[in-house]
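Step one of this worksheet: look at the structure below.
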Amino acid sequence: MKVVSKIQNIVLIAIVGLFFSNGIFAQKKDVKSEDKRVRIAQVEKKQTAEITVSDEDLSVKEDDDEETKEAKKTVSYYSNYLDEYRLGANDIISIEVFGQCPDYCVTDKTIPPTAKMSYPLIREGVFVGGKTVEDVADDVTKKLEEYIIDPKVTVTLVRAGSARYSVMGKVNAPGVRIMDRKVSINEAILEAGGISKEGTKKKVFIARINSQGFYSTEEIDLIGIEMGKIPTMFLQPGDQVFVGDKGLTFGKVLDYIGKFSAARVLFGGGLF
């Protein structure tokens, strides 16, 4: 009987110990899950804070001087342009799925002429031509839901690959345009709606990437070109033309562009 009683006590102790250890394990698991949720929340909070800071930096304030306002408007245009940018051949994008890298992440992928990209788990590939990065993210998310629970997909435009130039500042229709032919600076300004009432032909600048990969800036004698005293200048891919007024300092515009990635994505260059 003593032997049986000892065996019963041992079994009882083992059951209690097992129950206790399971409780601790469950608590640890809950703590780990909670820690993971906290870490994710911290990352999301940090990302939100970074976006908020950028928006605040770009907002035009009443106490800003005129050249600062003009610079902020220029960079804001680049940012808004990228939000609506339609992807095409030779653009470079990255696709990331939160918590699934590197298996289901594609980094710095050049879009082929067919505009269809290969992607893990998606046999037919992903067609990206004419879509925004948000459109592509939605498409990839829907197709990955068959394999991954609640996938968090982010698509980023790393570099716009098509030849582009921009005309900004005191013109009637500022913007980024595709260079599908040889374009003179006169044509570029005319296609931007011409110089506005606030602008002046005496304040025309061009920023161009030099052989060392850095932006070089030059003031253009637009009046001399129009009078036939000097030859016209033809733009190169990535050129940025600025038309100013008496108060615009070209250096201020470049300084603001250098702080944000929008212009770098569109034009690249060593300035950034």
Side-chain angles (χ1 to χ4, degrees), residues 47 50-51 54 75 77-148 151-168 175-183 188 206-216 234-241 257-272:
Q47 291 175 340
E50 290 174 349
I51 294 173
S54 297
V75 179
Y77 180 89
Y78 284 140
S79 298
N80 294 333
Y81 179 85
L82 285 180
D83 290 339
E84 301 175 0
Y85 183 86
R86 300 287 170 172
L87 297 172
N90 297 320
D91 289 336
I92 301 175
I93 66 173
S94 290
I95 303 176
E96 294 185 358
V97 184
F98 182 79
Q100 302 293 331
C101 291
D103 294 338
Y104 304 116
C105 295
V106 176
T107 305
D108 296 348
K109 186 78 170 180
T110 300
I111 299 175
T114 59
K116 180 175 285 188
M117 298 179 58
S118 59
Y119 187 83
L121 297 179
I122 303 177
R123 181 180 301 176
E124 69 276 16
V126 181
F127 184 78
V128 301
K131 298 180 180 180
T132 66
V133 290
E134 293 295 331
D135 293 336
V136 177
D138 291 341
D139 290 345
V140 175
T141 298
K142 292 176 182 178
K143 293 178 179 180
L144 286 183
E145 285 176 344
E146 300 181 20
Y147 310 98
I148 300 174
K152 304 295 183 183
V153 180
T154 302
V155 179
T156 306
L157 175 63
V158 178
R159 181 66 52 82
S162 302
R164 287 172 170 79
Y165 69 93
S166 70
V167 182
M168 307 300 295
V176 181
R177 290 172 171 79
I178 295 176
M179 185 178 290
D180 54 2
R181 69 184 193 287
K182 194 173 183 179
V183 180
I206 186 169
R208 173 173 292 173
I209 302 173
N210 59 30
S211 58
Q212 286 75 41
F214 291 88
Y215 268 100
S216 59
F234 289 92
L235 301 186
Q236 296 178 5
D239 279 355
Q240 301 180 58
V241 178
I257 290 176
K259 294 178 181 178
F260 298 90
S261 61
R264 180 177 59 188
V265 169
L266 287 170
F267 302 109
L271 176 65
F272 311 102

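To the nearest 0.5 Å, the span separating OG1 on Thr156 from CD1 on Ile92 amounts to 13.0 Å. One finds the CD atom of Gln100 at 8.0 Å from the SG atom of Cys105 (value rounded to the nearest 0.5 Å). How far CD of Glu134 is from OG1 of Thr154: 8.5 Å, rounded to the nearest 0.5 Å. For the atom pair CZ (Arg164) and CE (Met179), the distance works out to 11.0 Å, reported to the nearest 0.5 Å.
Shortest non-hydrogen contact noted between Ala188 and Leu235 is CB-CD1, 3.6 Å. When all heavy atoms of Met117 and Pro112 are compared, the pair lying nearest together is CG-CD, 4.0 Å. Of all the heavy atoms in Asp91 and Arg86, the pair that sits closest is OD2-O, 4.2 Å. Scanning all heavy atoms of the two residues, the minimum distance from Leu157 to Val133 falls at N-CG1, 3.9 Å. The minimum heavy-atom distance linking Ser118 with Lys109 is given by the pair OG-NZ, 4.2 Å.
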Notebook entry, point to check: Do Ile148 and Tyr104 pass the side-chain contact (heavy atoms from CB on, under 4.5 Å) test, and can you show the C-alpha distance, the side-chain angles, and the key distance before you say yes or no?
Noted result: CA-CA 10 Å; Ile148 300 174; Tyr104 304 116; 3.9 Å; yes

Next item on the list: Using the side-chain contact (heavy atoms from CB on, under 4.5 Å) rule, take Val136 and Leu87 through it: C-alpha gap first, then chi angles, then the decisive distance, then the call.
Entry: CA-CA 9 Å; Val136 177; Leu87 297 172; 3.8 Å; yes

Next item on the list: Start with the C-alpha gap between Val176 and Tyr165, add the side-chain angles, then the distance that decides, and say whether side-chain contact (heavy atoms from CB on, under 4.5 Å) holds.
Entry: CA-CA 6 Å; Val176 181; Tyr165 69 93; over 6 Å; no

Next item on the list: Check step by step if side-chain contact (heavy atoms from CB on, under 4.5 Å) holds for Glu146 and Leu121.
Entry: CA-CA 9 Å; Glu146 300 181 20; Leu121 297 179; over 6 Å; no

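Paired with Val126 under the rule side-chain contact (heavy atoms from CB on, under 4.5 Å), one option of Ile95, Val155, Val140, Val106 passes, and it is Val140.
A donor atom on one side chain and an acceptor atom on the other are not found under 3.5 Å apart for Thr141 and Asp138.
The local environment of CD in Glu145 is crowded, with over 12 non-hydrogen atoms from other residues, nucleotides or ligands closer than 6.0 Å. Other residues, nucleotides and ligands contribute over 12 non-hydrogen atoms within 6.0 Å of the NZ atom of Lys143. For Arg181, the CZ atom sits in a packed shell: over 12 heavy atoms of surrounding residues, nucleotides or ligands are nearer than 6.0 Å.
In this structure, the side chain of Lys131 engages the main chain of Phe127 through a donor-acceptor pair within 3.5 Å. Of the possible polar contacts, one joining the Asp239 side chain to the Gln236 backbone as a donor-acceptor pair under 3.5 Å is found.
Between Val97 and Leu144 the shortest side-chain heavy-atom distance falls below 4.5 Å.
Taking 4.0 Å as the cut-off between side-chain N and carboxylate O, Asp108 and Arg159 do not count as a salt-bridged pair. A salt bridge is absent between Lys116 and Glu124: the closest approach of a Lys/Arg side-chain nitrogen to an acidic carboxylate oxygen does not fall below 4.0 angstrom.
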